[in-house]
Amino acid sequence: MKLMGTMMEWVHSFFTDIWGWFGACIGMVIGLWTGMPALGRGILIVQCADILSGLSCALLGKSQKSESGKVSSRVMLEGVIKKGAEWLIVLVCVYTGTPLGMEGICSAAMTYVIATELVSLLENLSLLGLDVPLLHTILDVAHSGHGEEAGKR
């Protein structure tokens with residue numbers, strides 16, 4: 001009977017610890033979220049939306065990133081690495097631009113990341129069947145810009 005009591009105490013202690021860790025993690029996320037600038041929160045929201053829409057395209061077999069059009073761990077890894085690199089650029093701009101009094105560089109970097117992520121999100125939504133008239137204009141401008149740059153080199 002003593003073994004059963006010890007076991008119950010351990011289970012109770014375990015679940016108490018789990019809830020404590022869970023609460024600490026939630027508190028950390030809320031602290032990071034509220035301490036982050038609005039553009040940083042915007043980046044996170046748009047990146048998460050882009051990931052979810054890209055995954056939805058892949059689950060439906062409509063992805064243009066993989067040969068099969070379906071979910072690919074390689075493509076997902078490349079996407080996560082790309083998003084991490086975008087955050088690296090933002091962090092470098094924040095931690096070098098702010099001390100030098102060039103906060104505009106930070107805002108410009110974050111705005112650029114948000115803009116590129118929004119284009120990717122709109123592309124994914126278009127693949128999912130959502131007709132976005134603005135997307136056609138944005139993509140025409142984006143593709144014509146790439147063509148001109150390729151011709152200049």
Original post:
Any chain of hydrophobic side-chain contacts (each under 4.5 Å) joining Y95 to L100?
Top reply: no
Original post:
Under 4.0 Å between a Lys/Arg side-chain N and an Asp/Glu carboxylate O for R74 and E78?
Top reply: yes
**OP:** Please indicate whether K82 has more than 12 foreign heavy atoms, meaning atoms of other residues, nucleotides or ligands, lying under 6.0 Å from its NZ.
**Re:** yes
Original post:
With hydrophobic residues grouped by side-chain heavy-atom distances under 4.5 Å, do L44 and L122 end up in a single group?
Top reply: yes
Original post:
Who pairs with F22 by ring-ring contact (aromatic ring centres under 6.0 Å, His included), at least two apart in sequence or on another chain?
Top reply: W19
Original post:
Which pair of non-hydrogen atoms, one from I114 and one from V46, has the smallest distance, and what is that distance?
Top reply: O-CG1, 4.1 Å
Original post:
Only one of C48, S126, S53 forms a side-chain contact (heavy atoms from CB on, under 4.5 Å) with L121, so which one is it?
Top reply: S53
**OP:** Kindly indicate, with the supporting measurements, whether the criterion side-chain contact (heavy atoms from CB on, under 4.5 Å) is fulfilled by M110 and V94.
**Re:** CA-CA 10 Å; M110 288 189 252; V94 167; 4.2 Å; yes
**OP:** Look up atom CG in L128 and atom CG in L59, then write down how far apart they are to the nearest 0.5 Å.
**Re:** 10.0 Å
**OP:** Indicate yes or no: at least one non-hydrogen side-chain atom of S107 is less than 4.5 angstrom from one of L39.
**Re:** yes
**OP:** First locate atom OG of S56, then atom CG of L60, and finally report the distance between them rounded to the nearest 0.5 Å.
**Re:** 6.5 Å
Original post:
Within a radius of less than 6.0 Å around NZ of K65, do more than 12 heavy atoms belonging to other residues, nucleotides or ligands occur?
Top reply: no
**OP:** Go through the structure and list residues passing side-chain contact (heavy atoms from CB on, under 4.5 Å) with I105, not counting sequence neighbours.
**Re:** C93, M102
Subject >> Which atom of V71 lies closest to which atom of M76, heavy atoms considered >> reply: CG1-SD, 3.8 Å
Original post:
How about E117 and I43: do any of their side-chain heavy atoms sit closer than 4.5 Å?
Top reply: no
Original post:
Would a hydrophobic clustering, with Ile, Leu, Val, Met, Phe, Trp and Tyr connected at side-chain separations under 4.5 Å, put L118 with I89?
Top reply: no
Original post:
What residues join L77 in its hydrophobic cluster, counting side-chain heavy atom gaps under 4.5 Å, either direct or through other members?
Top reply: I81
Subject >> Stepwise side-chain hydrogen bond (donor to acceptor under 3.5 Å, both in side chains) test for E86 and Q47 >> reply: CA-CA 10 Å; E86 290 171 342; Q47 283 184 334; 2.8 Å; yes
**OP:** Could you tell me the separation between the CG atom of L52 and the SG atom of C57, rounded to the nearest 0.5 Å?
**Re:** 11.0 Å
Subject >> Hphob cluster co-occupancy, I51 + V75, side-chain heavy atoms under 4.5 angstrom >> reply: no
**OP:** Please answer: with hydrophobic residues joined when any side-chain heavy atoms are less than 4.5 Å apart, are W87 and V113 in the same cluster?
**Re:** yes
